[in-house]
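These notes are about the structure you will find just below.
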There are 2 protein chains.
Amino acid sequence: MKTETEPGDERPTLKTIAFLTGLGVTTVSRALKNGPEIGEETKERVRQIAKQVGYRPNRAGVRLRTGKTNVISLILNTEEGAMGLVSEMVYGITEALADTPYHLVITPYSLSDPMEPVRYIVETQSADGVIISRTEPRDPRVSYLLEHNLPFATHGRTDMGVVHPWHDYDNESYAYNAVKLLAGRGRKRIALSGPPPQLLYARHTARGFERAMRDFKLEIFPLSALNLDAPADEIRRSGREIGMASDRPDGIVCSSAMSALGLVGGLEEAGLKIGRDIDIVTKQSSSFIGWYKPEILTIREDFRIAGRDLAKSVLAWIEGADPASLQHLVGPESAL
Amino acid sequence: MKTETEPGDERPTLKTIAFLTGLGVTTVSRALKNGPEIGEETKERVRQIAKQVGYRPNRAGVRLRTGKTNVISLILNTEEGAMGLVSEMVYGITEALADTPYHLVITPYSLSDPMEPVRYIVETQSADGVIISRTEPRDPRVSYLLEHNLPFATHGRTDMGVVHPWHDYDNESYAYNAVKLLAGRGRKRIALSGPPPQLLYARHTARGFERAMRDFKLEIFPLSALNLDAPADEIRRSGREIGMASDRPDGIVCSSAMSALGLVGGLEEAGLKIGRDIDIVTKQSSSFIGWYKPEILTIREDFRIAGRDLAKSVLAWIEGADPASLQHLVGPESAL
DNA sequence: ATTGCGTTCTGTAACGTTACAGAATTGGAG
DNA sequence: CTCCAATTCTGTAACGTTACAGAACGCAAT
């Protein structure tokens, strides 16, 4: 016969439903998974009762039995300062995970050992998939995860002749469009304040910039030593110097809102008026630039879209999709 | 997706250690928990082997058996725009969780149903503790969690005659110090651009502001309709109007970096120079203000500390501490 | 000797789930 | 009527852990 009496007070389990329907636990389990060997009528009845008692599968039970964690892990470097990036990306990921059984867990790492969280996750099997930020051109985490068959997606491309899902902002297209914007406003001498040269997307940015400069027949104002990783006051000083130079540019393409702010600060110190004497274009991930200086031209980079896309790709890979089909280059103009 | 099963390739469990030591699984379990009924020598031997084989307890096993999830859930509103806040707080939390078995999972909610994630966590027992942001003076989530005996901590105080752990920035002290700063620079007519009045900390801010204004015998420039929730262009326009008023203030205390930027934009449009004609003080949670306008006076609000403190409080409550002892008001001057 | 007792260890069962092998019930086909 | 096969359901075992009730042992007190 069946089991003892059910108090009804506790969290409902398969057993509860089995008791209420008079079916076996196994049958209930199969029914809720819409298994083919269960009668349609029975399935419906089980589903009804399940909804009535508010059944929610116990994650620990599933995980113990099947090994499936229903967890996506976002690996974050806690030392990076990129403010808006993290929250927006997290929001995007949670959006993509909202109607799935997946949870998002944040796994931090310090620059002293970037491999640590990845190893932890693999060794303890604590996630079904991983999202990596701050991807490097040759990223050891990527090789490690591939070796251990753990699905993942990277924010930013790699350059190691290996295929995996990624999402990247189309910085080439950004730089091209930025120049185009400046050209449209009649600017002639343009400078580029790009990312640190060792990063892959510095190359993309430079390529788009140079292509546009050729296409629109503009003059490049060289700005070698300056990049986003420079300290605030240096960028600011650099802005002042640029502003005071006799052959100063009348347009600047900038790869981050932060450095744009620094430059603008310096340029204004030098007595220039943005929008009149010089135009500056920057990427913006949140709207705060508009709060202060609407004169700064902006092209959107949406990290929420990035998060959503990365999460979707990991899920797709988990479900067996071809990783080669999960690589997305998203430009300023496109919406996902 | 699955690799070949190699003999020593499996993840070690208690059974593995039991086999290696010749002990029973129970003994091994008790030994690793440093239980009193196990011989000291045995414990040491078990610990050694465990370390050797790299034993890590299986979370699903523990969770299924004991109900302990080792999860802290951070409940986030995905519609809020406060950029730096989230990432810094997340980092702070992960710091506090770093040397514990706890994981951080992000649970999002939309403004349309703030109770949803809290209910979910309680019903599915999916966390041992919860951290709540955007706390309201009378917060239904707080009552609900108290009712269901789930430990939690709130970012911001409540006003419902009920005791629970919280962490709050001392906005009264901030406003007082901000005025003091302006007074020290010889400013006489000060305006306050505070938080939306329905929020609890608007009251705190106003109190500190008014107290300082009395203490330093300054004149309040009234600024009724303006608060942080106003749209960007309105704040900007407001700044311009203030700047052009004949009785304009010579100092402004501002509750957020964003609105400070808007105001400064407007003031500069009106021809004022920050630091000469008028001084403006704002809270800053990241250093980006300094990137653009070093003339803006800033007082730090550290969300990383907030995250760390909140996480520590939740853990302490879980371990049985008195919630009344887990309430921290952190001012601009104090470090935790 | 027997009893009692503390110390140290052990086996069993259970948490909720699913894989698997098997059982009961149909409805035809022989 | 028997037999087969498809359909639908069931019980058992296992994932890794810990609570619990006990077992084996030495040792002291009766």
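Bear in mind the structure is a predicted one, so any value in this text is a computation, not a measurement. Reminder, nothing fancy here: chain letters follow the sequence lines and each chain counts from 1.
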Using whole Å, what does the distance between atom [atom2] of nucleotide [N] and atom [atom1] of [X] come to?
X: Arg59(A); N: dT18(C); atom1: CZ; atom2: P; answer: 13 Å
X: Phe19(A); N: dG16(C); atom1: CZ; atom2: P; answer: 16 Å
X: Ile17(A); N: dT17(C); atom1: CD1; atom2: C1'; answer: 12 Å
X: Leu14(B); N: dC15(D); atom1: CG; atom2: C1'; answer: 13 Å
X: Glu123(B); N: dG16(C); atom1: CD; atom2: P; answer: 16 Å
X: Ile38(A); N: dA19(C); atom1: CD1; atom2: P; answer: 13 Å

Checklist entry - After noting the C-alpha distance and the side-chain angles of Thr158(B) and His164(B), does the key distance pass the side-chain hydrogen bond (donor to acceptor under 3.5 Å, both in side chains) rule? => result CA-CA 9 Å; Thr158(B) 54; His164(B) 61 84; 2.8 Å; yes
Checklist entry - Can Arg47(B) and Glu44(B) be counted as an ion pair, charged N to O under 4.0 angstrom? => result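 Salt bridge between Arg47(B) and Glu44(B), a charged N being under 4.0 Å from a carboxylate O: yes.
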Checklist entry - Please walk me through it: do Lys68(A) and Glu319(A) pass salt bridge (charged side-chain N to carboxylate O under 4.0 Å, His left out)? => result CA-CA 12 Å; Lys68(A) 174 127 215 215; Glu319(A) 314 219 304; 5.1 Å; no
Tell me whether the side-chain N/O atoms of [X] come closer than 4.0 Å to OP1 or OP2 in [N].
X: Thr42(B); N: dC9(C); result: yes
X: Ser29(A); N: dT17(C); result: no
X: Lys33(A); N: dT18(C); result: yes
X: Thr26(A); N: dT10(D); result: no
X: Thr66(A); N: dT18(C); result: no

Could you check which of [options] has an atom nearest any side-chain atom of [X]?
X: Arg65(B); options: dC9(D), dA19(D), dT17(C); value: dA19(D)
X: Leu64(B); options: dC9(C), dC15(D), dC15(C); value: dC15(C)
X: Leu23(A); options: dC9(D), dC15(C), dC9(C); value: dC9(D)

Item to check | Sole residue of Thr135(A), Asp309(A), Thr154(A) in side-chain hydrogen bond (donor to acceptor under 3.5 Å, both in side chains) with His167(A) | outcome: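 The single option meeting the side-chain hydrogen bond (donor to acceptor under 3.5 Å, both in side chains) with His167(A) is Asp309(A).
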Item to check | Name of the residue among Gln327(B), Arg157(B), His155(B) meeting side-chain hydrogen bond (donor to acceptor under 3.5 Å, both in side chains) with Asp168(B) | outcome: Arg157(B)
Checklist entry - Just checking Thr13(B): base, sugar-phosphate only, or nothing, at a heavy-atom cut-off of under 4.0 Å? => result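 Sugar-phosphate contact only.
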Checklist entry - With sugar-phosphate meaning primed atoms plus P, OP1 and OP2, does Gly24(B) contact a base, only sugar-phosphate, or nothing at under 4.0 Å between heavy atoms? => result sugar-phosphate
Next on the checklist: Using five pairs at each end of the helix from dA1(C)-dT30(D) to dG30(C)-dC1(D) to define an axis, what is the angle between those two axes, to 10°?
Outcome noted: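 Both end axes considered, the difference amounts to 80°.
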Next on the checklist: Is the terminal nitrogen or CZ of Arg141(A) (NZ for Lys, CZ for Arg) located under 6.0 angstrom from the six-membered ring centre of Tyr109(A) and within 45° of that ring's axis?
Outcome noted: yes
Item to check | 5' precedence on DNA chain C between Pro57(A) and Gly22(B) (nearest-nucleotide basis) | outcome: Gly22(B)
Item to check | Asn77(A) side, atom CG; Leu111(A) side, atom CG - distance, nearest 0.5 Å | outcome: 4.0 Å
